[in-house]
Amino acid sequence: MLTDWSYALQDWPTYLSAAWLSLRLSLAAFALAFALGLGGALARRSRYAVLRAPAAVYVEVIRNTPVLLQMFVAYFALPSAGVRLSPVQAGVLALGVNVGAYLTEIFRAGIQAVPSGQREAARVLALSPARAFAHVVLPQALRNVYPAVVNQLVQIILGSSLLSAISVPELTGTSMVINSRTLLTVQVFGIAAVLYLVLTNLVVLAAGLIGRVAFKPPLAVAARPRPLDAVRRLLPARSVPNVRKEAA
Amino acid sequence: MTTTDTTTVEKTVARISLSGVHKRFGALEVLKGVDIDVEPGEVVVLIGASGSGKSTLLRIMCDLERADDGDVWVNGVPLHDRKRAPEIFGQVGMVFQQFNLFPHKTALGNVTLALLKVRKLSRAEAEERGRAALARVGLAEKADSYPAQLSGGQQQRVAIARALAMDPAIMFFDEPTSALDPELVGEVTGVMRSLAEDGMTMVVVTHEMRFAKDTADRVVFMDGGVVLEQGPPAQVFGNPAELRTQQFLHRVLDT
């Protein structure tokens, strides 16, 4: 048994480089999704129907079709439209477009949750609508939705395993290759699972640290993404200092 | 044809001049023909029951609402002219019932945002003016506090400082003390009183009758979307001509 594990672990450089690819393409897809989400949210809130309508169609189509199918479209169908993408490019495109639809709705909700009095105060101070959005509305909206956005990033990392279906050598696909060579099924997929856990928790840890410095005043502990949050909830509750109460 | 210099005409008229202002929200007619003039340096307090149209009137004066009908001149800007109306922003200050401070910015950040982004001052200049404005409302030492770390009264004073930093020609106050605990009202009305003493032109919607009595130059009683009665506080409070005014004052002063 132990020899099986040590045998399986001999492939560690392959696992690590596959995990590294998973992380990189997830971050690339997230960057695309973030831009699409922000643009989509603005379009959905636009007073012009020519912007609202396509954004609404985008959200509906993407959220109601399987992501695996979207990847097949990006990789197998786009070439017949004259767009030929590498597996990694197609995968990043499909994942980014998919999660961008969810982020559109998340950002839209976050923007809507900013009280209208904030915009009115900005207007009387002569801030243009664009400035008011950039300096007043957006920072508050991002703060509102930060935990939900980080959750979408985790979803991208997990969803990137589907890219094995279009022959991207990411962590899941690579594990399958190693498995068919070694037949150490439990060990190979066990290692892959641990690496996914490490990847997602590293990302959540980084997001928590970013959330701590990026938002003023700092995010409350409850609103800050933390690794192993489900496990932490099993532990006895500690009293959490509250910024507002401390000041009063 | 002789050319009339319209700019000098605008300057000589009252600082605020509304005539025949109508406003409806759907089926509800909130303002039914309001005429009101405010002179430079005057402190006008609008009183009246909820729904009498006083807040709507105030919001029309700073272009947060647009009148359906009538002429609205504020500080020489015709707000009934859709093209020119936005000129008013930055020339007048507005203090809201709910403060509307920017929660992600410190007190100083709130006060300096428009100085930096609209007035295009350097950071040093903006902070100097911002700190002066905070000192004006007695909150110099709270410059680095976030709104959530301040009491309601302190937040409203920061909101006043934010408006003052833009060097406004007129200050509007929309029920500035209605969201405050009773013991915090005094610090806000105190700042407003000192602004009035400095000659600031002010239009105030409030339920603080003491403030109206001792600070207003003129009290305007609104009822059912029209100005029913107006005059010096001693006259309106001491000897109201209209029955509706008497009833309203009876209600608010006895409770």
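All chains are named by letter (A, B, ...) in the order of the sequence lines, taking the proteins before the strands, and each is independently numbered beginning at 1. Computation of the quantities below employed the complete heavy-atom set of this structure, encompassing side-chain atoms and omitting hydrogens, waters and symmetry-equivalent molecules.
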- request: Name the option with the most non-hydrogen atom pairs under 4.5 Å to chain A; the candidates are B:Ile88, B:Leu101, B:Val92.
  value: B:Leu101
Part of [range] lying next to chain A, heavy-atom separation under 4.5 Å:
range                       : answer
residues 103-129 of chain B : B:Pro103, B:His104, B:Lys105, B:Leu113, B:Ala114, B:Lys117, B:Val118, B:Lys120
residues 130-146 of chain B : B:Tyr146
residues 57-66 of chain B   : B:Arg59, B:Asp63, B:Leu64
residues 160-173 of chain B : B:Arg162, B:Met166

Heavy-atom pair count under 4.5 Å with chain B, highest-scoring of A:Arg143, A:Arg131, A:Arg123, A:Gln140: A:Arg123
- prompt: Quick one: of A:Ala121, A:Pro139, A:Ala122, who has the most non-hydrogen atom pairs under 4.5 Å with chain B?
  reply: A:Ala121
- request: Verify the neighbour count for atom OH of A:Tyr48: are there more than 12 heavy atoms of other residues, nucleotides or ligands below 6.0 Å?
  value: no
- prompt: Under 6.0 Å from the CZ atom of A:Arg212, do we count more than 12 heavy atoms belonging to anything else shown?
  reply: no
query: Is chain A contacted by the side chain of B:Phe96, its backbone, both, or neither, given a heavy-atom distance below 4.5 Å?
result: side chain
- prompt: Is there side-chain contact between B:Phe102 and A:Leu125, with at least one heavy-atom pair below 4.5 Å?
  reply: yes
- prompt: Are the side chain of B:Asn100 and the backbone N or O of A:Gln118 linked by a donor-acceptor pair below 3.5 Å?
  reply: no
